[in-house]
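Have a look at the structure below, then the notes.
What you see below is based on every heavy atom in this structure, not just the backbone, and it leaves out hydrogens, waters and symmetry mates. Numbers here are sequence positions counted from 1.
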Amino acid sequence: GVEGRGFDDAEVYFDRLPARAKDVVRPEVWSLAQNSAGMSVRFEADTTAVHVRYTLRTSGLAMPHMPATGDSGLDLYGQQGSRWHWIATLQPTQQVITDDLHSQIAPGRRAYQINLPLYNGVESLEIGVPKGTVFEPIAPRTTKPILFYGTSITQGACASRPGMAFLSILGRRLDRPMLNFGFSGNGRTELEVARFLAELDPAIFVVDTIANTPVEGIEERMVPMVKILAEDHPDTPVLIVDESRRAELPLVPHYVEYHEQKTRALRKAFETLKDAGVEVHFRRSDDLLGHDGEGTVDGSHPNDLGMMRYADALEPDLRRLLRKH
């Protein structure tokens, strides 16, 4: 099985939304739901080599600001004690790939994890080890996951490899399954999406959609959307995250007022939800990417440093909410 799948009734096994969402959500959301962001495969093996054969949904392997390794690649981690350690990243050059992830791994039986592409879909995936090697699949965990509904940053832009997306980092640190419902440019706080997410039963709902939601739509959409999530999950906390500050903001004040307008609108929605009795929590954004301007590729999307900082910032909040519940 593949961890990070929310729905069993997908049109293609590695899709993030169910087949019945196809004519309900906007076409852009449906297309992005075919990306395998957040999914991973775990297995235990006594092997010195791990091979893969996989077929991608599209031939576009990279973007101008994101490498093929993050967009369409795989990366391999091995377990050392209670921690996961990176071993290898596959660098895709074509749509159908047969390659070694690594062929000189230290001997010994251990658990492995392979993270799937962030911005491409997967049609099929096979994992190979040398003949005669012990290989045992690890079933997806039944622990309640943490569910993120967000934008391109949530989906993983612009991590250099899948394991460096901030959700992947948090999953390793918290030892918790993660569900990635980031839709690049299209995480717009939509009720149609929320109704599908409300079918799931996570430990925490995290909503990080403000970057893709216009000011006038924040309170209008956020309040009913969170109420949809809370209706069937009254005891599940909802963490709403403010839009991360653009890296160039101290020297380019053009963005300041618009950012502050969004923050005020989100705060208002937060207070409305609290007054309605929803267990909702607010996360400010000033420390998500750091303060030195070095955490992004283009002012908005995190590089690997920014992804690490995003995870550093959110980890204490998530740990606190997990302890409470």
Side-chain angles (χ1 to χ4, degrees), residues 4-39 56-60 63-66 71-72 116-123 145 147-158 165 167 178-200 202 205-233 238-244 258 261-262 265-266 269 273 298 300-301:
R5 294 174 71 243
F7 300 92
D8 290 329
D9 56 338
E11 186 175 77
V12 173
Y13 183 84
F14 298 93
D15 286 354
R16 291 183 290 154
L17 287 176
R20 52 199 157 84
K22 187 173 185 176
D23 297 320
V24 178
V25 301
R26 289 183 297 107
E28 295 85 354
V29 173
W30 176 251
S31 177
L32 290 160
Q34 296 170 19
N35 300 158
S36 56
M39 296 186 190
L56 294 161
R57 293 283 285 269
T58 68
S59 58
M63 295 184 285
H65 62 336
M66 186 172 178
D71 185 304
S72 304
L116 305 191
L118 297 169
Y119 267 78
N120 209 326
V122 175
E123 291 280 0
L147 186 156
F148 276 75
Y149 173 34
T151 65
S152 52
I153 295 175
T154 297
Q155 184 168 345
C158 290
L167 261 74
M178 310 294 281
L179 293 176
N180 187 330
F181 293 99
F183 301 109
S184 185
N186 288 277
R188 299 181 183 175
T189 322
E190 293 175 299
L191 307 189
E192 296 84 357
V193 174
R195 291 188 182 100
F196 288 108
L197 303 187
E199 296 178 14
L200 305 175
F205 288 105
V206 184
V207 180
D208 190 3
T209 57
I210 303 310
N212 289 170
T213 307
V215 172
E216 59 274 12
I218 291 175
E219 187 176 11
E220 173 188 320
R221 301 180 197 176
M222 184 64 71
V223 172
M225 196 211 74
V226 172
K227 285 183 176 179
I228 287 172
L229 299 177
E231 184 176 3
D232 292 332
H233 308 279
V238 180
L239 177 65
I240 56 176
V241 183
D242 196 8
E243 180 182 19
S244 58
Y258 190 57
Q261 287 176 13
K262 285 192 166 188
L266 186 60
L273 288 162
D298 53 8
S300 173
H301 298 99

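One distance of note links CE of Met63 with NE2 of His301; it measures 8.0 Å at 0.5 Å rounding. Separating the CG atom in Leu56 from the CG atom in Leu116 is a distance of 10.0 Å, to the nearest 0.5 Å. Separating the CG atom in Asp15 from the CG atom in Leu32 is a distance of 11.5 Å, to the nearest 0.5 Å. Atom OG of Ser152 and atom CG of Leu118 lie 11.5 Å apart (nearest 0.5 Å). The CG atom of Asp8 sits 8.0 Å away from atom OH of Tyr13, with the distance rounded to the nearest 0.5 Å. Distance CE/Met66 to OG/Ser184: 9.0 Å, rounded to 0.5 Å.
Scanning all heavy atoms of the two residues, the minimum distance from Thr209 to Thr189 falls at OG1-OG1, 2.7 Å. Taking all atoms of both residues into account, the shortest heavy-atom contact from Asp71 to Pro117 is O-CB, 3.4 Å. Closest non-hydrogen pair, Ile210 versus Met222, comes out as CD1-CE, 3.6 Å. In this structure, Tyr258 and Pro214 approach most closely via the heavy-atom pair OH-CA, 4.0 Å. Of all heavy-atom pairs between Leu179 and Leu167, the closest is O-CD2, 4.0 Å. Between Phe14 and Val122, the shortest heavy-atom contact is CD1-O, 3.1 Å.
Ion pairing between a basic and an acidic side chain is recognised when a charged N comes within 4.0 Å of a carboxylate O; Glu190 and Arg188 show no such pairing.
The backbone N or O of Gly187 lies less than 3.5 Å from a partner atom in the side chain of Asn212, making a donor-acceptor pair. No donor-acceptor pair closer than 3.5 Å links the side chain of Arg195 to the backbone N or O of Ile228. In terms of modelled atom types and a separation under 3.5 Å, the side chain of Lys262 and the main chain of Thr213 share a donor-acceptor contact.
Phe183 pairs by the ring pair (Phe, Tyr, Trp, His ring centres under 6.0 Å) definition with nothing, not counting sequence neighbours. Applying the side chain to side chain donor-acceptor pair (under 3.5 Å) criterion to Arg20, with sequence neighbours excluded, gives Asp9, Glu199.
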In sequence, state the C-alpha distance, the side-chain angles, and the governing distance for Phe181 and Leu17, and then conclude on side-chain contact (heavy atoms from CB on, under 4.5 Å).
CA-CA 9 Å; Phe181 293 99; Leu17 287 176; 4.0 Å; yes
I'd like to know whether Tyr149 forms a side-chain contact (heavy atoms from CB on, under 4.5 Å) with Met225, so could you lay out the CA-CA distance, the side-chain angles of the two residues, the decisive distance to 0.1 Å, and finally the verdict.
CA-CA 11 Å; Tyr149 173 34; Met225 196 211 74; 3.5 Å; yes
Evaluate side-chain contact (heavy atoms from CB on, under 4.5 Å) for Leu229 paired with Val207, printing each intermediate quantity in order.
CA-CA 10 Å; Leu229 299 177; Val207 180; 4.2 Å; yes
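Annotation for Gln261: atom CD counts as buried by contact number, over 12 foreign heavy atoms lying within 6.0 Å.
Within the 4.5 Å cutoff, no side-chain heavy atoms of Leu200 are placed close to those of Phe205. Arg16 has its side chain within reach of Asn180: a pair of non-hydrogen atoms, C-beta onward, lies under 4.5 Å apart.
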